[in-house]
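Data block below; observations after.
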Amino acid sequence: MGPAVHTTVDRTIVAPSPPVKGRRSRGDSWPYVFILPMVVCLGLVFAYPLITVIRNSFYSTSMGETTFSGLENYRSLFQDPVFMTSLFNSLKLLAVVPVVTVVAMTIALMLYEGTKGWRAYRLMVFVPYIIPATAIGISFSYLLQQNGILNITLRGLSLDFLALDWIGNSNIVLFSIGGVLVWTQLGFGVVVFTASLLSLPRELSEAAAIDGATRWQTNRLVVLPQVRGTVEFFLVLQAIQVIAWTFPYVYVLTHGGPGNASSVMDLYVWRYAFQYSSPGLSSAAAVVLLLISGVLIAIYTRLRAKQGER
Amino acid sequence: MQVNHIWRSKRRLAFASAAAVFVLILGACSGSSDQGSQASGDPYTGSLTYWFWGESDVPGSTAWMQAAVSRYEGLHPGIHIELVPQATQTLQGAFQTAAQAKTGPDIAMQWATLPVLTPVWRGQVAPLTGLIPESELSQWLNTQENTYQDKVWAMPLYLLGVPFVWNKELFEKAGLDSTHGPQTWDEFLADCAKLKAAGITPITVGDKEGAFGSWFQSVVGTQTLDSIEELQAVYAGKADFSDPKYSGYLTRLAELKDKGYLSSDVASVEATQAWQNFAQGKGAMTWATDGNVAAWVKQGLGSKFGVGKTPLVGTGKLAQYYDATQSISAFITSWSAEKAQAAAFLTWLHTPENLTSWYTTTGAFPADKRFDPSVVKDPVMAQLYKLDTLPNQLWAENYAPPQVDDQGLRTVAQALLAGSTSASDATSQIAGIIKAWQTQQPDDFKTYAKWAEG
């Protein structure tokens, strides 16, 4: 046992002020003061418009006068064939979501396996996602016209039977819009899934390979279950995107035509708000859109909660 | 102690910053009720906001108006005019939003007759009668389109006809007489058949935005009527749209579609693109605007085309009318604090120098008797001017309630041209849309019915 060690405390260090009751409460309120401007902004930008839209959905405007009309707007909505067409078209476009998910995951798995130049391929696939929707709409409107570049090419290859009126035919216009949506959203899916796959530990895949699993079995039974959370997140995000963010594509590509055949919910909201000056009806349609999106968000939250429990 | 001092200073600074941001946000939210300078008796002092639309009708009109504003400000340094171009799709909606808030333009524009009179009925427009002398108003053309209760409510800027245009070279190629277009509907169909047999697209039109259905009603559909009051009676609920007298034009439109006389991409191209295709010789006939023809004349293509009235279809008195309209009209908003200033500017736009400048720049004919027609040198344009200044003019679309026009006349006809509905179904749908408008907009409907009675 060695000799005792004595240390000398440097008494010049300033001790913290003893806590005083008044000073403590003033100090606790400062964080709220600092976040107050942001809360006010969020309130003005998010909460106020939301409350206003919900409120407006119970009012009707006629000859410039606004009066309370209860559920009349909602009743008119569900009796309006154009609204029902728009609603069903938006729901039909949800079929794009599994297509984008499957194709994006397939491409991501191919890139994950270390294909040479995979970063360049990932970039090429991602480019459509960052092009403005208006530019995409204008480009595809020329591409998909009856005598557009696509049909000219098809006719040149003696594939006349495939040269359809992609945006002028009521029966196939929605498929065309779906195709454009798949093309634009694919890149985002590839990037998200690739990032998720790259974060996985390689050991499990290698162990499966050593045990004799084929590539398909490894992907299906080892890799995909680990990225399930990402897939669920992507599915819900894409569903919300399709339900509530197709307006720029539809507006530029088809204006909702021909004859409302490609009208979607957000286009309907815009039309009644800005073209027909019917804020009550458009607010009611916006509330319906909000409820549908809310259901999707609720599903996602539930899935995440279940995953948390696991 | 030094640390405490620094901490207190930083706290004060943070508090002051947060408070400043909060005040700024409150200030932005309260908005400004200042609409420019206070109303002044001097018509040449003040600030005006002019919501302008015209480019789709008359290419080059926005640039001309911007230059005109600059000239006016140069002449009257005390006045400032902000020109705000408007988009077609939101022209009516944006104005209604401004009208509800009673802010925005001092001068606004809407398409003639019903799109102008609807805001008039809602008290959103100040009459020009009273602000502008009668001696000036009497020089303007087509003011009857915006006259209500013996007052003129909006100013015409230009006249726009929708001539029937044919490609002389393609007519000759098909063995047709290129000096004049088909005069009757039977001749028209016969010419279409010959053109198609010669491998030429008979009619080039674009309906992606859905305007052609309304146009076809205006140029063909009204030819079975004796007066516009007959069509007004349909919208006022006193006549049935299903009567072939009113809806027969849909059958003719379907006939053109079914026989393959319309361009194959009619449902997927916009009107402007279809006119470009026509100018490039990809179709033999079309309906265009004076502005399009003026642009083709400028490109040196004038001699290639013939212009005239739409082939005769019906035997009603309106079959003898031409279809020139002022198209868009400028009016002063009821909430404007600068009405005298706005009226002075609108009057100045009709000075002889401006009338000539407008024509030479844009090729569209000014809606004013004082316009000197000797400046119209091109024979095709001279022919159009003669048509536009015939005594009897009518553009029926002006009389359709906007909701009926957009959802019915345009959208349903669009479905017909896309092949997804028949003429009889289209008739039923439009009749239903008229009834829906009457139910959904009862106040507008009552006022329309009262107006239609005269």
Side-chain angles (χ1 to χ4, degrees), chain A residues 14 16-17 26-27 30 32-38 40-41 43-44 48 60-66 76 79-82 141-142 144-148 151 165-171 173 176 251 253-261 263 270-279 281-282, chain B residues 1 3-4 11 14-15 17-19 21-22 24-26 28-29 89-90 92-97 99-100 118-119 121-124 207-210 263-270 273 277 282 402-403 406-407 411-421 432 436 440-444 447:
Chain A
V14 177
S17 307
R26 273 206 294 276
W30 278 116
Y32 299 106
V33 172
F34 289 135
I35 66 169
L36 182 63
M38 185 49 64
V40 169
C41 281
L44 287 170
Y48 176 71
S60 295
T61 302
S62 179
M63 292 294 282
E65 298 294 323
T66 303
S76 295
Q79 288 171 353
D80 183 359
V82 178
S141 70
Y142 283 102
L144 299 177
Q145 286 173 4
Q146 172 71 344
N147 297 319
N151 283 353
D165 196 352
W166 302 100
I167 53 175
N169 185 322
S170 308
N171 295 324
V173 63
S176 304
Y251 180 81
L253 205 51
T254 64
H255 298 295
N260 292 319
S263 180
W270 175 85
R271 267 217 181 109
Y272 274 85
F274 298 106
Q275 261 195 294
Y276 304 150
S277 301
S278 196
L281 211 57
S282 86
Chain B
M1 296 300 288
V3 170
N4 275 347
R11 211 166 51 184
F15 181 76
S17 303
V21 169
F22 189 68
L24 274 172
I25 290 168
L26 278 181
C29 294
Q89 293 289 337
T90 55
Q92 291 175 317
F95 176 75
Q96 279 309 313
T97 304
Q100 282 170 22
T118 303
W121 298 333
R122 294 175 181 174
Q124 297 162 351
D207 196 39
K208 190 170 152 194
E209 323 98 309
S263 42
S264 59
D265 53 6
V266 59
S268 56
V269 302
E270 293 184 347
Q273 193 181 347
N277 291 343
K282 293 181 183 173
Q403 187 173 329
D406 193 69
Q407 292 180 6
T411 303
V412 173
Q414 194 185 41
L416 193 153
L417 289 174
S420 59
T421 193
Q440 288 171 1
Q441 304 286 348
D443 293 329
D444 280 352
T447 315

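Chain letters run A, B, ... following the sequence lines, proteins first, then strands; residues in each count from 1. Being a predicted model, the structure only gives us computed values, none of them experimental.
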Check: B:Lys208 main-chain N/O paired with B:Gln414 side-chain donor or acceptor under 3.5 Å:
yes

Salt-bridge criterion met for B:Asp443 and B:Arg122 (N-O under 4.0 Å)
no

Where does A:Leu144 contact chain B at under 4.5 Å (heavy atoms): side chain, backbone, both or neither?
neither

Winner by heavy-atom pair count (cut-off under 4.5 Å) against chain A, out of B:Gln273, B:Glu209, B:Gln92, B:Gln403:
B:Gln273

Any idea which of B:Thr97, B:Val266, B:Asp406, B:Leu416 has the most non-hydrogen atom pairs under 4.5 angstrom with chain A?
B:Asp406

Tell me, with the steps shown, if B:Gln441 and B:Thr447 meet side-chain contact (heavy atoms from CB on, under 4.5 Å).
CA-CA 10 Å; B:Gln441 304 286 348; B:Thr447 315; over 6 Å; no

Can you find a side-chain donor-acceptor pair between A:Asn151 and A:Trp166 that sits under 3.5 Å?
yes

B:Ala94, part contacting chain A, at a heavy-atom distance under 4.5 Å
backbone

A:Asp165 vs B:Ser268, test: side chain to side chain donor-acceptor pair (under 3.5 Å). Steps then yes/no.
CA-CA 7 Å; A:Asp165 196 352; B:Ser268 56; 3.2 Å; yes

Region of A:Tyr272 in contact with chain B, defined by heavy-atom distances below 4.5 Å:
side chain

